[in-house]
Number of protein chains: 2
Amino acid sequence: MSTLDWLPSSILQLSTQRDLKSGEVLFRQGDAVSAIFEVEEGRIRLLRYTIDDHVAVLHTAASGESFAEAALFSDTYHCDAVASVVTRVRAYPKRELLETLLGDPKLAKKYMSVLAHEMQTLRTRLEQRNLRTARDRVLQHLLVSADAGSGIIPLSGTLMDLAGEIGLTHEALYRTLAALESERIIARTKDKIVLLRGKSL
Amino acid sequence: MSTLDWLPSSILQLSTQRDLKSGEVLFRQGDAVSAIFEVEEGRIRLLRYTIDDHVAVLHTAASGESFAEAALFSDTYHCDAVASVVTRVRAYPKRELLETLLGDPKLAKKYMSVLAHEMQTLRTRLEQRNLRTARDRVLQHLLVSADAGSGIIPLSGTLMDLAGEIGLTHEALYRTLAALESERIIARTKDKIVLLRGKSL
DNA sequence: CGGCGTTTTGAGAGAGCTCAACATCGGTGG
DNA sequence: CCACCGATGTTGAGCTCTCTCAAAACGCCG
């Protein structure tokens with residue numbers, strides 16, 4: 001369900017929940033790091049105040065995503081974390097988590113693996129953004145996400161969410177999917193997309 | 001100089017160089033993982049063959065970047081690695097590297113820290129791509145990259161490289177920088193850009 | 001049944017991409 | 001020392017594509 005649920009129960013039991021209203025601040029740049037977090041429900045934005053008090057959004061963490069991992073290795077947070085909607089987060093205490101991770105090589109390896117895979121995913125998504133046209137981006141996403149055997153891409157959220165993930169407006173995504181369907185390159189059902197084979201894209 | 005140069009000399013000494021011609025393959029999907037790599041000079045593309053033998057570029061690693069970190073935790077490579085120009089890579093043997101990292105909690109912590117920071121950077125770059133206009137993207141990059149005190153952004157590579165990093169054509173970047181300069185929002189020299197303060201962007 | 005979010009299609013406009021020409025700079029070899 | 005050459009830097013003009021704004025059908029849930 002989440003990126004940290006493989007942690008030993010000793011740590012899971014030390015984690016706590018916190019509810020935030022829309023606009024409420026979870027931590028501020030410069031605060032001492034007490035915990036790292038995971039979004040259970042809602043959305044957290046990481047903001048940095050730059051020269052002349054301009055605000056830059058560094059990251060938006062959605063449900064199921066952990067964030068502020070780098071804070072595990074820092075004394076203070078380097079950005080603000082603000083809920084942009086009603087949000088529930090789970091907090092994992094820094095000191096205990098770090099001790100647990102470093103005290104057990106198996107866990108250390110697991111965490112490195114999780115981080116490395118997340119990096120891989122991010123790099124792939126970034127590379128995807130280099131594709132200019134909606135068609136290329138959608139196809140790239142479908143090709144990479146498709147089950148190798150069946151060509152099925154299950155739809156976890158809504159198409160609007162998917163549009164955001166791949167950096168398109170929902171209108172552009174709908175239009176592109178409609179075009180691909182009419183060209184018999186994909187088939188669609190309510191909860192999945194199927195890549196049809198034997199097509200020269 | 002690189003992302004892995006903090007490793008103990010015992011590992012650095014076990015690393016080897018390999019030169020590749022343009023188009024030469026470093027490893028293939030399914031190969032047993034023997035090492036992870038760092039680009040010393042050139043460019044490596046990570047490719048995956050998807051349904052119907054379509055090629056998807058998962059990542060492009062440039063000089064100074066390490067790649068295939070996730071392979072440390074896998075038995076086989078999950079994509080192909082191909083040099084897209086004449087390239088020199090440094091290979092770090094998997095087994096020894098993993099043993100060293102897991103055998104010393106300090107090193108484990110360091111590596112986790114490196115991975116977490118890389119994630120942070122990637123997330124920020126991804127968020128940056130959500131900005132539509134060239135102006136917003138350039139300003140976001142400058143604001144985040146600027147030294148907090150002086151507002152100076154040193155230019156490490158060429159402007160063409162920078163254009164690629166932030167997802168613009170070099171023409172669009174040149175035009176945007178010229179506009180920002182004529183508006184007295186930035187000042188430029190050969191090797192740096194300075195953000196001028198007191199401007200409402 | 002009513003309301004809200006998702007899905008869908010339409011039309012227009014803006015912004016970056018593409019192609020093109022040219023300037024600039026550093027290195028190379030005659 | 002200078003001509004040449006490739007890569008970087010710069011500017012111009014047209015075109016294509018997505019974004020934006022709008023409207024409407026659809027489906028789910030209370």
Side-chain angles (χ1 to χ4, degrees), chain A residues 22 41-43 62-63 84-86 125-142 153-183 185-194 201, chain B residues 22 41-43 57 62-63 84-87 125-142 153-183 185-194 201:
Chain A
S22 181
E41 197 63 47
R43 204 158 51 241
S63 299
S84 52
V85 296
V86 173
R125 282 177 58 180
L126 200 52
E127 191 77 39
Q128 183 177 223
R129 295 295 184 98
N130 289 336
L131 302 174
R132 314 286 180 193
T133 69
R135 186 191 178 89
D136 285 348
R137 247 188 240 176
V138 170
L139 277 174
Q140 159 91 331
H141 176 81
L142 296 178
I153 301 100
L155 295 176
S156 48
T158 66
L159 290 178
M160 298 194 82
D161 294 336
L162 177 60
E165 264 178 51
I166 64 181
L168 294 174
T169 57
H170 60 276
E171 295 100 320
L173 175 60
Y174 290 133
R175 280 187 246 271
T176 305
L177 289 177
L180 291 175
E181 192 173 21
S182 79
E183 294 174 41
I185 294 174
I186 64 171
R188 303 169 62 190
T189 66
K190 196 194 306 282
D191 57 355
K192 66 173 187 284
I193 296 176
V194 184
L201 307 183
Chain B
S22 181
E41 197 63 47
R43 204 158 52 242
V57 179
S63 298
S84 52
V85 297
V86 173
T87 298
R125 283 177 58 181
L126 200 52
E127 192 76 39
Q128 184 177 222
R129 297 295 183 97
N130 289 335
L131 302 174
R132 315 283 179 195
T133 69
R135 187 190 178 90
D136 285 348
R137 246 186 240 179
V138 171
L139 277 175
Q140 158 91 333
H141 176 81
L142 295 177
I153 301 100
L155 294 176
S156 48
T158 66
L159 289 178
M160 298 194 81
D161 293 337
L162 177 60
E165 264 179 50
I166 64 181
L168 294 174
T169 58
H170 59 277
E171 295 100 319
L173 175 60
Y174 291 134
R175 280 187 246 271
T176 305
L177 289 177
L180 291 174
E181 192 172 23
S182 79
E183 294 174 42
I185 294 175
I186 63 171
R188 303 168 62 189
T189 66
K190 197 195 303 284
D191 57 355
K192 66 174 185 284
I193 296 176
V194 184
L201 308 183

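Quick note on labels: first sequence line is chain A, next is B, and so on, each numbered from 1. Model, not experiment: these values are computed from the prediction.
L155(A) places its CG atom 14 Å from the P atom of dT6(C), with the value rounded to the nearest Å. Atom pair L159(A):CG and dT9(C):P shows a separation of 12 Å (rounding to whole Å applied). What separates CG of D136(A) from P of dC17(C) is a distance of 14 Å, to the nearest Å. In this structure, CE of M160(B) is placed 17 Å from P of dG26(C), rounded to the nearest angstrom.
Once you apply a 4.0 Å limit to the heavy atoms of chain A, the touched nucleotides of DNA chain D run 5' to 3' over dT18(D) to dC28(D).
Here the closest heavy-atom approach between residue L168(B) and residue R137(B) is recorded as CD2-NH1, 4.1 Å. Considering all non-hydrogen atoms of both residues, A179(B) and S182(B) come closest at O-OG, 3.0 Å. Closest heavy-atom contact between L155(A) and L159(A): CD1-CD2, 4.0 Å. For R129(B) against G164(B), the heavy-atom pair with the smallest separation is NH2-O, 3.6 Å. For the pair R132(A) and G167(B), the tightest heavy-atom approach, listed with the atom from each and the gap, is NH1-O, 3.7 Å.
Inter-residue side-chain proximity for L177(B) and I193(B) is flagged as met; some heavy-atom pair is nearer than 4.5 Å. No side-chain heavy atom of R125(A) sits under 4.5 Å from any side-chain heavy atom of H141(A). Proximity of V138(A) to I186(A): side-chain heavy atoms (C-beta onward) are nowhere separated by under 4.5 Å.
Both K190(A) and T158(B) lie near DNA chain D, and the one whose nearest nucleotide falls closer to the 5' end is T158(B).
The phosphate of dT8(C) has OP1 or OP2 within less than 4.0 Å of a side-chain N or O from R188(A).
With R43(B) contributing its side chain and V85(B) its backbone, the two residues share no donor-acceptor pair below 3.5 Å. No side-chain donor-acceptor contact under 3.5 Å links S22(A) to the backbone of V86(A).
Summarising the local packing, CD of E181(A) is surrounded by more than 12 heavy atoms from other residues, nucleotides or ligands at distances under 6.0 Å.
Within 4.0 Å of R132(B), counting heavy atoms only, lie sugar-phosphate atoms of the nucleic acid but no base atom.
For DNA chain C, the neighbouring residues in residues 162-174 of chain A, judged by any heavy atom under 4.0 Å, are H170(A), E171(A), Y174(A).
End-to-end axis angle of the helix from dC1(C)-dG30(D) to dG30(C)-dC1(D), from C1' rotation axes over five pairs per end: 40° (rounded to 10 degrees).
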